[in-house]
Asker: 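Sharing a structure here in structure tokens format.
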Amino acid sequence: MPVFLHDTMSRETRPLLLRPDGKVFGMYCCGPTVYGPAHIGNFRTFILQDVLRRALETDGLPVRHVRNITDVDDKTILGSVKAGQPLAEFTRGWTEKYHRDCDALGLLRPHVEPSAVAHIPQQVEMIRSLVDRGHAYAAADGSVYFKVCTCPDYGKLSRIDATKLRSQSTNSAGEANVADEYDRESIRDFALWKAWSPEDGANRWPSPWGDGRPGWHIECSAMSLAHLGATFDLHGGGVDLCFPHHENEIAQSECATGVKGFAGHWFHSAHLMVEGDKMSKSKGNLYTLDELVEKGFTPTEVRYALIAGHYRTPLNFTFSGLENARSALGKLERFADRLLQAAGFTRKEFAPPEVRETAATWGRFAPAWEALCQDLNVPGCLGQVFAVAGSKDELTPELARQDVCGLARILWTLGLTLFQERKADEVPAAVAELGARRWAAKQAKDFAAADRLRQELTALGWTMVDRKDGYDLKKA
RNA sequence: GGCGCGGUAGCCAAGUGGUAAGGCCGGGCUCUGCAAAAGCCCCAUGCGUCGGUUCGAUUCCGACCCGCGCCUCCA
């Protein structure tokens with residue numbers, strides 16, 4: 001069953017298939033700007049794209065996933081100047097941090113992760129082509145702008161009326177749009193190349209129009225062309241990128257190459273809210289992975305919480321949602337253990353992709369997979385998984401073996417890893433000693449003493465959990 | 001103003017023209033010296049409001065109300 005996905009351009013839900021001439025499914029995703037740690041809102045989008053890619057691979061499609069690193073723009077340059085570091089050094093640090101977070105969250109590395117700085121020649125080349133074809137013009141200061149009026153179908157993705165943009169002199173907050181004081185011929189036009197200015201410091205690259213740096217939008221056009229060609233299968237990003245970024249990409253790419261049909265499918269994921277509010281720096285609710293890990297949540301729990309809502313609906317991220325994810329994951333683990341035991345497998349044998357590749361059965365998880373195929377319905381998929389978990393079917397070894405395979409494939413597709421070691425709390429010597437004494441008292445059936453020791457532990461903020469063969473000490 | 005999304009139980013969240021998946025929380029039971037955990041059971045006559053179509057609508061159509069996003073750097 002092919003994966004069906006809603007397409008922003010056509011507003012239709014269409015199957016994702018290999019093109020007749022296609023050997024791989026080309027997928028381009030707008031990546032992070034590496035000027036600080038990515039926040040969980042960024043990661044919601046990246047994780048959703050990761051789930052889509054995994055679903056395609058589970059479906060058997062060969063995918064070529066390209067996700068760029070934006071390492072030259074206003075924010076990275078400003079950040080490097082403030083940090084007193086060369087741009088490359090500054091962005092390398094944040095890129096490495098981003099990679100560590102991605103790995104922790106179980107994101108498959110893209111097949112290609114192009115850097116914008118490393119593609120400046122390609123960007124210059126594309127701008128030159130646009131100027132040659134009359135779609136762009138150089139301003140007096142050496143900046144180059146895209147001439148929107150030369151692109152009649154500009155606005156087709158977001159269905160905005162480009163002619164109305166011309167007259168918009170104020171933004172939604174009632175402030176004047178001052179971005180184009182002088183150079184642009186029209187307010188719709190956007191920068192392809194920005195002439196060097198003193199605040200750019202040492203960050204300047206040569207071009208036929210003088211030293212400067214690329215505009216933000218052109219990098220994705222140049223990098224997708226370089227790594228996927230003039231047309232490819234799917235382009236993804238957060239909803240906020242729909243306009244103007246993606247609209248501009250379409251205009252630049254189609255006008256520069258002369259080939260229509262830039263991306264076959266547009267995949268936009270809704271934004272993340274935090275505790276009912278829009279995420280923003282000023283509200284102080286921009287969480288990073290580190291902050292959540294600091295509070296005791298695992299990256300897998302964060303991932304679960306971030307995919308628990310449908311991708312086209314804004315998701316309200318809350319700590320209770322994170323707790324919810326933890327409980328649900330625990331339930332999943334216990335269920336998986338029961339399946340494994342019934343099938344005669346160990347936890348090690350549960351590890352995909354081995355299970356995924358050696359057998360192509362879904363067991364009772366076919367409905368879960370079908371939900372995923374219907375516009376990447378992760379909540380629906382999860383519901384189906386738990387429906388199986390709560391089923392009263394008799395668990396024969398044969399059924400259990402199929403289920404193990406099915407569950408492993410579903411969880412791999414969702415990118416959820418079970419049975420990860422949770423770091424045990426550091427037990428102070430005094431607490432360990434109390435625990436040992438209580439266990440001894442309990443073994444000796446001196447329950448009065450055992451209860452007293454439990455109280456002492458509680459007073460110190462620790463809980464003692466008894467098992468048949470021993471005990472665990474946990475922070476309360 | 002333009003473009004777009006959504007309103008389903010205490011919270012989160014699927015879904016369907018034939019009477020509401022699932023998760024969390026909560027309640028009950030079982031088990032365990034206690035505690036915790038776990039297992040089992042229960043938990044919306046109701047799907048923003050009002051009309052319409054229909055044998056039948058939460059699901060289709062219309063109007064309205066409310067919340068939100070983008071239109072400006074933003075995943």
Side-chain angles (χ1 to χ4, degrees), chain A residues 8 11 29-33 38-49 67 70 73-75 78 155 157-161 164-165 167-168 170-173 175-180 187 216 236-245 247 268-273 276-281 286 304-305 308-310 312-318 320-332 334 338 367-368 371 374 377-390 392 438 442 445-448 450-452 454-455 457-458 463-468 471-472 474 476:
Chain A
T8 311
R11 314 275 161 106
C29 300
C30 294
T33 301
H39 55 71
I40 52 171
N42 297 307
F43 282 119
R44 158 130 122 138
T45 296
F46 300 146
I47 290 171
L48 254 5
Q49 291 162 348
R67 185 175 60 220
T70 297
D73 79 322
D74 295 337
K75 285 176 294 200
L78 184 67
L157 177 66
S158 47
R159 303 199 180 178
I160 53 141
D161 185 347
K164 290 212 173 117
L165 286 177
S167 59
Q168 177 162 10
T170 57
N171 62 25
S172 57
E175 295 156 350
N177 272 339
V178 293
D180 69 319
I187 191 162
W216 177 53
V239 267
D240 55 299
L241 295 185
C242 190
F243 184 88
H245 186 240
E247 206 71 75
H268 288 110
S269 43
H271 273 186
L272 194 66
M273 315 278 287
D277 259 331
K278 187 188 171 177
M279 274 181 43
S280 71
K281 263 191 180 153
L286 272 183
Y304 187 103
H310 187 89
R312 283 200 284 138
T313 306
L315 177 70
N316 187 20
F317 185 85
T318 62
S320 99
L322 234 26
E323 303 278 1
N324 189 326
R326 167 173 296 174
S327 303
L329 244 10
K331 194 168 187 168
L332 234 30
R334 293 189 296 276
R338 259 181 284 142
Q374 286 166 32
N377 187 351
V378 175
C381 170
L382 254 10
Q384 293 298 338
V385 168
F386 282 106
V388 176
K392 296 287 168 294
R438 199 197 75 94
K442 180 184 164 170
K445 299 216 186 289
D446 181 357
F447 296 128
D451 287 349
R452 222 171 21 247
R454 178 185 285 288
Q455 278 172 19
L457 282 166
T458 306
T463 325
M464 186 158 166
V465 179
D466 294 354
R467 297 190 315 265
K468 277 226 164 69
Y471 59 91
D472 293 316
K474 290 180 185 171

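Since this is a predicted model, take the numbers as computed values, not measurements. Residue numbers begin at 1 in each chain, while the letters A, B, ... track the order of the sequences.
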Asker: Starting at atom CZ of A:Arg438, determine the distance to atom C1' of B:rA36, rounded to an integer number of angstrom.
Answerer: 10 Å

Asker: Counting only Watson-Crick pairs (N1-N3 plus N6-O4 or O6-N4) and G-U wobbles (N1-O2, O6-N3), all under 3.5 Å, who is the partner of B:rA38?
Answerer: B:rU30

Asker: Measure from the side-chain heavy atoms of A:Thr45 and tell me the nearest of B:rA14, B:rA35, B:rA75.
Answerer: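 Taking heavy atoms from C-beta onward, the closest nucleotide is B:rA75.
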
Asker: Looking at B:rA35, does its base get a donor-acceptor pair with the side chain of A:Arg454 below 3.5 Å?
Answerer: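 Answer yes: a donor N or O sits under 3.5 Å from an acceptor.
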
Asker: Rounded to the nearest Å, what distance is computed from the CZ atom of residue A:Arg312 to the P atom of nucleotide B:rG7?
Answerer: 12 Å

Asker: Would you say the side chain of A:Asn377 and the base of B:rG15 hold a donor-acceptor pair, judged only by whether the two atoms sit under 3.5 Å apart?
Answerer: no

Asker: By nearest nucleotide on RNA chain B, pick out whichever of A:Ala325 and A:Asp74 is the more 5' one.
Answerer: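 On the 5' side of the pair lies A:Ala325.
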
Asker: Can you say whether a donor on the side chain of A:Asp466 sits under 3.5 Å from an acceptor on the base of B:rC34, or the other way round?
Answerer: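 Looking at the base of B:rC34, it does pair with a donor or acceptor on the side chain of A:Asp466 (distance under 3.5 Å).
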
Asker: Expressed in angstrom and rounded to an integer, what is the separation of A:Lys445 atom NZ from B:rU32 atom P?
Answerer: 12 Å

Asker: Nearest whole Å is fine: how far is B:rA36 P from A:Lys442 NZ?
Answerer: 13 Å

Asker: What does A:Leu272 touch in the nucleic acid at a heavy-atom separation under 4.0 angstrom: a base, only the sugar-phosphate, or nothing?
Answerer: base

Asker: If you check every side-chain atom of A:Arg334, which of B:rA38, B:rC68, B:rG23 has the closest atom?
Answerer: B:rA38

Asker: Round to the nearest Å and state the distance from A:Glu247 atom CD to B:rU72 atom C1'.
Answerer: 16 Å

Asker: Please check this pair: side chain of A:Arg67 against backbone of A:Pro32, looking for a donor-acceptor N/O pair closer than 3.5 Å.
Answerer: no

Asker: Looking only at the side chain of A:Asn324 (C-beta and beyond, no hydrogens), which of the listed nucleotides B:rG23, B:rG22, B:rA13 gets closest?
Answerer: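 The nucleotide sitting nearest to the side chain is B:rG23.
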
Asker: Closest-nucleotide mapping onto RNA chain B: is A:Phe46 or A:Lys331 further toward the 5' terminus? I mean the 5' end.
Answerer: A:Lys331

Asker: Can you tell me how far P of B:rC24 sits from CG of A:Leu332, to the nearest Å?
Answerer: 10 Å

Asker: For A:Cys242 and A:Ser158, which heavy atoms make the closest approach, and how far apart are they?
Answerer: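 The pair with the smallest heavy-atom distance is SG-CB, 4.0 Å.
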
Asker: Side chain of A:Ala450 only, please: which of B:rC24, B:rG33, B:rA75 is the nearest?
Answerer: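 Nearest to the side-chain atoms of A:Ala450, counting from C-beta on, is B:rG33.
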
Asker: I need the minimum non-hydrogen distance between A:Ala368 and A:Val385, along with the two atoms involved.
Answerer: CB-CG2, 3.9 Å

Asker: Looking at B:rC41, B:rC70, B:rA13, which one has an atom nearest to any side-chain atom of A:Lys392?
Answerer: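 When the side chain of A:Lys392 is considered, B:rC41 is the closest of B:rC41, B:rC70, B:rA13.
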
Asker: Please indicate yes or no: is the ring centre of A:Phe447 less than 5.5 Å from the centre of the six-membered base ring of B:rG33, with the two planes inclined by under 30 degrees?
Answerer: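 Yes, the aromatic ring of A:Phe447 stacks with the base.
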
Asker: Scan every strand shown for a Watson-Crick or G-U wobble partner of B:rU49, both distances under 3.5 Å, and answer none if you come up empty.
Answerer: B:rA63

Asker: Once you apply the 3.5 Å cut-off to both distances, tell me the Watson-Crick or G-U wobble partner of B:rG1, or none.
Answerer: B:rC71

Asker: Does the distance from a Lys or Arg side-chain N to an Asp or Glu carboxylate O, for A:Asp446 and A:Arg452, drop under 4.0 Å?
Answerer: no

Asker: Rounded to the nearest 0.5 Å, what's the gap from NZ on A:Lys75 to CG on A:Leu78? Could you check?
Answerer: 10.5 Å

Asker: Would you kindly give the CD-to-C1' distance between A:Gln384 and B:rA14, to the nearest whole Å?
Answerer: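 In whole Å, B:rA14 C1' lies 9 Å from A:Gln384 CD.
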
Asker: So, do A:His271 and B:rA75 meet the stacking rule of ring centres under 5.5 Å and planes under 30°?
Answerer: yes

Asker: Please step through side chain to side chain contact (heavy atoms under 4.5 Å, CB included) for the pair A:Lys442 and A:Phe447, ending with a clear verdict.
Answerer: CA-CA 6 Å; A:Lys442 180 184 164 170; A:Phe447 296 128; 4.3 Å; yes

Asker: For A:Asp451 and B:rA35, give me the distance from atom CG to atom C1', rounded to whole Å.
Answerer: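 It works out to 8 Å between those atoms.
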
